[in-house]
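Have a look at the structure below before the remarks.
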Amino acid sequence: MGKVLILANSASGLYDFRNELVLALLQENEVYVSLPDEEKAPELAREGCKVFHTEIDRRGVNPVRDLRLLADYFRLMRQVKPDVVLTYTIKPNIYGNLCCRLLRIPYLANITGLGSAFENGGLVQKIVVLLYKSALKKAQCIFFQNKTNQEIFAQYGIRGKKTRLVPGSGVNLDRHACKEYPAPSDMVFLYVGRLMREKGVEELLYAAEKLHKEYPSVVFELVGSYEEDYKARIEAYEKQNIVRHISYQKDIAPFYQRACAVLMPSYHEGMSNVVLEAAASGRPVLASQIPGCEEGFEDGVTGFGFAPRDREALLQALRRFMALSYEKRAQMGKNARAKMEREFDRRQVVQAYMDEIQKII
């Protein structure tokens, strides 16, 4: 049996979006996972993974903490002695892969998005580019979730031995089954994600307040945990019946089912799992026209797009949707499901990873 070590920055992210890969790997390999939290760690352990806790400051740029992460990954790899390492997200990609280079361990990296540190420019971006160049230089394969990210890395000279484009994490079409579209009287717009500025929460709250004045029966459900200080504002909107806030949910499928449409006003994405899951559930998507979102919907066919960081554009997209007949909204949902079946079946993504891992082992 081979030994596969997975480095990730979220237990729930690994379990919710990549568990099919984990299960496939467990059939013929020992699987070790390094995670900073315990959210889905017990489930992974019960499946047969050997779980290690590794602290990660996901959004911080403290060099002391990052050096500690580098040292923790180095010790873990010396202990596990993996045949191949698979990494997700920026800090595991950089610090985990630097350790792989030092220890001469084959590794694969997945670029799940560029992140604010890369996109905002300045000194931090230059440092990130240099780190990426060094960390990914010997990668057996770099997986990209959208073409734009792949092209940007090429422009900056960030290369491994090969690259491969996959449709994000894909979507589990059985778990996110297409359910009957909600009744015309149920007008719930759903947002799923962390409550933070870069996810478009400012624009979302503005548009929700404006649309509520025009359509008082419309409600916006916000499912996710606070990462920035929106609590007081959202609670005030809840008292006015504009929004309903629901904390992080392990099972999001029931929320998709009762939504008339799902919103994703994010500023940047690798590939939005929310867009894919919503579409697979047969729900129209209103999303930012950015790489990582726009691949998952067709404007006017499975939903509507709008310019990122533009609250008026989001509001206009909502008004366009409200102007549709019930039948056209429901048909958009059916079209969305059909697109997922054609292009985003998760089994295709799992096979792409397995192909590359099996070549190494």
Side-chain angles (χ1 to χ4, degrees), residues 4-10 13-14 18 21 32-34 36 54 56-59 61 63 65-67 69-74 76-78 80 82-169 268-271 291-292 349 352-361:
V4 181
L5 172 61
I6 301 174
L7 309 181
N9 76 347
S10 165
L14 180 64
R18 302 174 180 103
L21 173 61
Y32 302 78
V33 294
S34 168
T54 307
I56 299 177
D57 184 6
R58 293 199 310 180
R59 299 183 61 78
V61 290
R65 291 178 182 173
D66 287 353
L67 284 172
L69 176 62
L70 182 72
D72 289 343
Y73 280 153
F74 190 86
L76 177 60
M77 291 180 198
R78 291 286 296 271
V80 171
D83 296 302
V84 61
V85 176
L86 174 61
T87 63
Y88 292 94
T89 70
I90 183 169
K91 291 198 175 182
N93 280 342
I94 288 175
Y95 300 112
N97 292 340
L98 285 172
C99 290
C100 288
R101 285 196 64 186
L102 290 170
L103 295 169
R104 300 181 183 278
I105 299 169
Y107 61 98
L108 308 166
N110 188 301
I111 307 303
T112 56
L114 299 183
S116 57
F118 195 100
E119 293 190 331
N120 290 342
L123 178 61
V124 173
Q125 184 202 55
K126 291 179 181 178
I127 293 171
V128 170
V129 168
L130 287 172
L131 288 170
Y132 258 138
K133 281 184 176 180
S134 180
L136 299 185
K137 186 176 182 179
K138 298 293 184 179
Q140 300 295 318
C141 183
I142 305 172
F143 291 92
F144 289 92
Q145 297 194 355
N146 67 69
K147 187 71 174 175
T148 300
N149 286 179
Q150 188 178 33
E151 291 171 349
I152 289 172
F153 267 52
Q155 290 169 9
Y156 280 101
I158 305 171
R159 297 183 179 88
K161 295 182 178 180
K162 67 179 288 189
T163 64
R164 192 161 177 174
L165 187 65
V166 293
S169 299
H268 51 79
E269 294 285 334
M271 182 67 70
V349 180
Y353 285 115
M354 293 300 292
D355 288 346
E356 299 301 329
I357 290 170
Q358 287 168 347
K359 287 177 187 176
I360 296 170
I361 293 180

d(Y32 OH, L5 CG) to nearest 0.5 Å is 9.5 Å

Search all heavy atoms of R18 against all heavy atoms of S169 and return the closest pair with its distance. NH2-OG, 3.6 Å

Side-chain donor-acceptor distances from residues 132-141 under 3.5 Å, at least two apart:
{"from": "K133", "atom 1": "NZ", "to": "Y156", "atom 2": "O", "distance (Å)": "3.3"}

Side chains of T87 and Y107: does their closest heavy-atom pair fall under 4.5 Å? no

Do P92 and I56 touch side chain to side chain, with heavy atoms closer than 4.5 Å? yes

Euclidean distance, I127 CD1 relative to L123 CG, rounded to 0.5 Å: 4.0 Å

Check for a donor-acceptor pair, side chain of K91 on one end and backbone N or O of D57 on the other, with a separation under 3.5 Å. yes

To the nearest 0.5 Å, what is the distance between NE2 on H268 and CG on N146? 12.5 Å

With sequence neighbours left out, which residue pairs that include part of residues 140-163 fulfil the salt bridge (charged side-chain N to carboxylate O under 4.0 Å, His left out) condition? K162-E356

Answer yes or no: is there a side-chain heavy-atom contact under 4.5 Å between L7 and M77? yes

Which distance, rounded to the nearest 0.5 Å, do you find between the CD of Q150 and the OG1 of T163? 4.0 Å

With rounding to the nearest 0.5 angstrom, report the CG to CG distance, L102 to N97. 11.0 Å

Please give me the minimum heavy-atom distance between I142 and G160, naming the atom from each residue. CD1-N, 3.4 Å

Could you tell me which residues satisfy side-chain hydrogen bond (donor to acceptor under 3.5 Å, both in side chains) with T112, sequence neighbours excluded, listed by chain and number? none

Could you tell me which non-hydrogen atom of Y73 sits nearest to which non-hydrogen atom of C99, and how far apart they are? CB-SG, 3.8 Å

Could you tell me if the side chain of R164 sits less than 4.5 Å from the side chain of D355, heavy atoms only? yes

I need the minimum non-hydrogen distance between P36 and S10, along with the two atoms involved. CD-N, 3.9 Å

How about D66 and I94: do any of their side-chain heavy atoms sit closer than 4.5 Å? no

Quick check for you: to the nearest 0.5 Å, what is the distance between I111 atom CD1 and N149 atom CG? 8.0 Å

Any L114 side-chain heavy atom under 4.5 Å of V128 side chain: no

